[in-house]
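A short write-up of the structure that comes next.
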There are 2 protein chains.
Amino acid sequence: MASTKASTILLLFSIFIITFSSTSCLNQYHPLDPLTQTEFNQVKTIIQNSYPSENLTFQYVGLDEPKKSTVLSWNSKSTTKSRPPRRASVVTRLNRETHEIIVDLSTHSIVSSKVHNGNGYPLLTVDEQTLANELPFKYQPFIQSIKRRGLNISQVVCSGFTVGWFGEKTTKRVLKINSFYTNGTVNLFVRPVEGITLVIDLDMMKIVGYRDRGMVPVPRAEGTEYQASKQKPPYGPLLNGASVLSEGDGFVLNGNTIRWANWVFHIGFDVRTGTIISQASIYDLQKQQYRRVLYRGFVSELFVPYMNPTAEWYYKTFFDNGEFGFGQSTVSLEPLTDCPNNAKFIDAYYASQDGTPVKISNAICIFERHAGNILWRHTEVTIPDEVITEVRSEVTLVVRMVAVVGNYDYIIDWEFKPSGSIKLDIGLTGVLETEGVTYTHKDQINEEVYGTLVADNTIAVNHDHFLTYYLDLDVDGEANSFVKNNLVTKRVTDPSIPRKSYWTVVSETAKTESDAKIHLGLKPTELVVVNPNKRTKPGNLIGYRLIPGAVAAPLLLEDDYPQIRGAFTKYNVWVTPYNKSEQWAGGQYVDQSKGDDTLAVWSLRDREIENKDIVLWYTVGFHHPPCQEDFPMMPTLSGGFELRPTNFFESSPVLKVRTKPPPKHAPSPNCTK
Amino acid sequence: MASTKASTILLLFSIFIITFSSTSCLNQYHPLDPLTQTEFNQVKTIIQNSYPSENLTFQYVGLDEPKKSTVLSWNSKSTTKSRPPRRASVVTRLNRETHEIIVDLSTHSIVSSKVHNGNGYPLLTVDEQTLANELPFKYQPFIQSIKRRGLNISQVVCSGFTVGWFGEKTTKRVLKINSFYTNGTVNLFVRPVEGITLVIDLDMMKIVGYRDRGMVPVPRAEGTEYQASKQKPPYGPLLNGASVLSEGDGFVLNGNTIRWANWVFHIGFDVRTGTIISQASIYDLQKQQYRRVLYRGFVSELFVPYMNPTAEWYYKTFFDNGEFGFGQSTVSLEPLTDCPNNAKFIDAYYASQDGTPVKISNAICIFERHAGNILWRHTEVTIPDEVITEVRSEVTLVVRMVAVVGNYDYIIDWEFKPSGSIKLDIGLTGVLETEGVTYTHKDQINEEVYGTLVADNTIAVNHDHFLTYYLDLDVDGEANSFVKNNLVTKRVTDPSIPRKSYWTVVSETAKTESDAKIHLGLKPTELVVVNPNKRTKPGNLIGYRLIPGAVAAPLLLEDDYPQIRGAFTKYNVWVTPYNKSEQWAGGQYVDQSKGDDTLAVWSLRDREIENKDIVLWYTVGFHHPPCQEDFPMMPTLSGGFELRPTNFFESSPVLKVRTKPPPKHAPSPNCTK
């Protein structure tokens, strides 16, 4: 029904589709542009020529990010010649080995190639997961197990789950398969076929393990369907749809560079992380120039441990970014429902297992948000016989993607505000992971269960979400410091003052990484990334402040294997010196990683971070004991944080804001002029 | 400029104005309706007849809320006869005494009258503050002090500040006056005339104290003006205005009762607190009935201590609600900037000092928010050869008021969501309180200062905001309990499982008030108000969950006088048994209160709260060390929290949501059919 509505209104509001394009004219080019279709194909050819093998698989293909110094020295006016070389970073599997290859696209040559000898395996491709999910249907024991349960095999769907690491000395590249039952619903994740687990060797692409630990009733299909077309009355609630009526989009997209209000930034895309925001700068009206805020920001890792320690479930401790690829999991956004009528959409590409580019249409949308908020206001009533009211309404710009990793949908928003704030918001929706049980009522339960009984025979399993953001802030330049402005209670000493106390700010600059590992909520502190080499006119340090949202810390034991791999969640905040090779909080190779390449390990070196090019790592955490409202489809639960200028500007950057009046009425094609 | 824009578009979009009306027909009446103009006048006459005195002042006039049982038994179909009696609660000052009077409007008689013998004084009226602010201009020493500073008295504005309590045995009803300089700006609060303090006896309305502690330069006017009309180029940023285009308002306002989507609730207004939301119920599609969520909710107190302990400043520890009246401070909202084009506005009334009703036009606005958020979504990619995408976009309803207490503007939003969530949001904007100093650069400062040097000679003073909400939740009925769902780490004992740990939910029901005093952030807990007498089909307790936002706790010493008065901020969460007389967290009489009538004191009785009609108290706290961006006008800083159904519904209440398509185009009067 949503889609019907969409199509109708599509006719009325043109939805622009832009594509990360190879045919970009000079002024559109940017050194951080993601690989284009053409470039993906080039990479494929170059690699296949050097490794002529049927068995070679592309596990990762992405832009080999040019040196930061190179990107910074580049500017849109530079000639084609002065462009940094376009290079691709490629990870392949061949003969049970992981190969790291750098391809130069200008010289069509392989720059370097080495075999990864460390722990862990690369991203799983969509293709190998699809193949793996098909294997059980040719496997007699599985077919028998399904038959024994009286289920119709044609209604069974298989899904693969990464196996994690639990202390094994040696590992193989395997995937575990569970099965689900559709039969009358498309909501398979709430109809698990419990007891059956298959193990697939991904390099051999064959079943190497099988277990049927006995039967549990499959939860009913009734009440699980979520497609509008399949709903029966009564319907409701009835919401009042709306369109945003404004002059144009309010922003300009030039290649992959966006200019909106006082902001300019670049949008990239990568198969591992999805949206990447680069070189975000804000225009300073007083200084009459753009000033740098964020060099590069993206979701570095997403750790989702489930809290069911039984044989079938204990290993479910996923790293959605490093195992499944947040970019690879990015879905096409639906115009008018995923994004409002005033949104523009961008397509994205990634390399399939054979290197061929795969297109995700409408992968990212960009829209102005007119939420009815107030940018600033004041009513002055103190001046006799005079009332002054000045109000400015807020408009913001949202860049959105949605990654769907199996059952869960992650809405990832970057919101840019004219005040200089950047708000990062995560929306959790989609389907819960459930366990089939014999129970239909809590009172029947005399053993421990690992979640909430949300429907007959259905336990929605307890779990966490930890999204760790990589935020390479360059506050007015690269050399920055991390300052903790501690609010400290002081006693009043002057005996003539009857008051006993107040608080004051005691600033502390983090010298090394260990000074910047923060458990939020323990003491009142403002966390600021400052430029120690610049000051405002009154002498304050120029900075950007982190405003955390609600906080959650890991509850697993520190020496538990999943937590060793997810150790980067131990602190809510970390700061590291910039290092091109340190972008993935959970490590480069996360599938079955042993936690020897995480943010927690890197920062043990306790490097100096004062007046250096530093990276801020922030983890948004959710503990999620499910409730019945989350079933069969979870209403969006949101969390996030904000980066807000703090003595970055000499005064409010929006004092002199102007607002274009909206058009008098919408384009009305039926009008005769 | 904003207002010009407003007027233009006012012509295009009709802005409906509704008034809390006395001439309401039967189905519009509600026992919790605020007093009408007519009723205020009745109260005035009745009181003045019984207390024929020139000197009598009305400090508070409001609805004497009928017994909860009476309100609950009432229903809109009841006859006029069966209506509970309309009564007004009145507080007057007469001959230095505070009188508490209950007036019956049906019998036109005084039901009860007594003198308040306890500590503290009632709300200050606007009129007495205005009179007090005029006194200095007839007072020679003040005129001399201004002259000595070479300031033009005609450009000086005075403003009154409540004096707090600092251990004095006896108190008088006094107010302290500071002065500010306009002369070239309307932004008086950033141009303090330091050193001069007058003390006014409010009952005698005369100056009883005067001090001039010497001169400090008055900060420059330059760069402080915020009126659009007074700005000079360069302007910017330029924002793209928009209108919301939808079929009508999306809600129905019947009297003071709102029906929107699956919600129904009543909007009231009180001179002390402003907006009051009552009897909020949500429609349950499965049960085919409205179910109760919130009986009554409002901002109970707002504590704003400043952190400057010097002689001129130490006493500035305000209780904006109990001292100045959040309702009395409510300002008229500006159409199209304070609220979007699709907003409706409600007028409100309060009694002036002589009892005459004063109208606040557009005191409250109500609008649908179309922010481009996603209510829920899922893309199913696991089923072979089939991709299913279902997305529902979110629409919410916002009820907004803005209270301006001197320099600060507080935006108070209630946001109702179709998912059953109620989001309470506070926006802080307006002007900072500043101290005049000799400094123009940080490096000149060798003494302790109590804030941030935001401009020449201008220290923006450190302070806190603690907004305490009164939330009388009636989750599916009055008898509720408060449950702490603690997430507890457990060790895996089964040796066959290689994983070591997981977390589980250990629930704890608060028996008495002391069990429900919560410092948030110390341990992972979900806080839920449940109905212990009802269960869902699977047997879960029906509940509503508190989702806190960022947390701040008081930093003043517990035995410091302001903190004794503001002791209700010690915990983020409190739960008390319902008691009609316990609505004001800081006490009934807050001006110069001694902290003997606060939430912290009541709850020392440690009453039982299990399976009782309970009230949840939640405090939203902000520590605010100002920054230059907050000058001369602070971009809105937001905070808040959410109440979210948790096993209140059997399943998602928005699974079968429907959305009306927006109109094809806006009314276009120039069209010829």
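The chains referred to below are lettered A, B, ... by the order of the sequence lines, with proteins before strands, and numbering in each begins at 1. Because the structure is predicted, anything quoted here is derived from the model rather than measured.
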Please report the shortest heavy-atom distance between [X] and [Y], naming the atom on each side.
X         : Y         : result
Val186(B) : Glu380(A) : O-CG, 4.0 Å
Ala371(B) : Ala371(A) : CB-CB, 3.8 Å
His370(A) : Asn240(B) : CE1-O, 2.8 Å
Asn462(A) : Thr504(B) : ND2-CA, 4.5 Å
Val505(B) : Pro625(A) : CG2-CB, 4.0 Å
Pro635(A) : Val654(B) : CG-CG2, 4.1 Å

With chain A as the partner, which of [options] has the greatest number of non-hydrogen pairs under 4.5 Å?
options                                    : value
Val395(B), Asn133(B), Ile497(B), Leu522(B) : Ile497(B)
Val381(B), Asp494(B), Thr536(B)            : Thr536(B)
Met307(B), Arg491(B), Lys442(B)            : Met307(B)
Val157(B), Asn540(B), Ile547(B), Asn308(B) : Asn540(B)
Pro524(B), Gly521(B), Ala550(B)            : Pro524(B)
Ser246(B), Pro384(B), Ser159(B)            : Ser246(B)

Using side-chain heavy atoms (C-beta onward) and a distance below 4.5 Å, is [X] in contact with [Y]?
X         : Y         : result
Ser651(B) : Gln628(A) : no
Leu557(B) : Thr489(A) : yes
Ser652(A) : Met634(B) : no
Leu655(B) : Tyr226(A) : yes
Thr659(A) : Leu238(B) : no
Asp456(B) : Lys537(A) : yes
Asn187(A) : His378(B) : no
Pro234(A) : Gln288(B) : yes

Side chain, backbone, both or neither: which part of [X] has an atom under 4.5 Å from a heavy atom of chain A?
X         : value
Val402(B) : side chain
Ala261(B) : both
Phe649(B) : both
Thr182(B) : side chain
Glu134(B) : neither
Thr310(B) : backbone

query = Is it the backbone or the side chain of Tyr235(A) that comes under 4.5 Å from a heavy atom of chain B, or both, or neither?
reply =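 Contact with chain B: backbone and side chain both.
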
message = Heavy-atom cut-off 4.5 Å, strictly under: side chain, backbone, both or neither for Ser496(A) against chain B?
response =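 Nothing of Ser496(A), per the 4.5 Å heavy-atom cut-off to chain B.
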
With distance as the sole test, does [X] use its side chain to make a donor-acceptor pair with the main-chain N or O of [Y] at under 3.5 Å?
X         : Y         : result
Asn262(B) : Pro237(A) : no
Asn647(A) : Cys627(B) : no
Glu629(A) : Phe648(B) : yes

Using 0.5 Å steps for rounding, measure from the [atom1] atom of [X] to the [atom2] atom of [Y].
X         : Y         : atom1 : atom2 : value
Glu368(B) : Leu239(A) : CD    : CG    : 8.0 Å
Gln227(A) : Thr389(B) : CD    : OG1   : 10.0 Å
Lys500(B) : Gln563(A) : NZ    : CD    : 12.0 Å
Asn485(A) : Thr452(B) : CG    : OG1   : 9.0 Å
Thr337(A) : Ile374(B) : OG1   : CD1   : 7.5 Å
Glu394(B) : Thr636(A) : CD    : OG1   : 7.0 Å

message = Does Arg499(A) qualify as a cation-pi partner of Tyr314(B), given the criterion of NZ or CZ under 6.0 Å from the six-membered ring centre and within 45 degrees of its axis?
response =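 Judged by the rule, Arg499(A) and Tyr314(B) form no cation-pi pair.
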
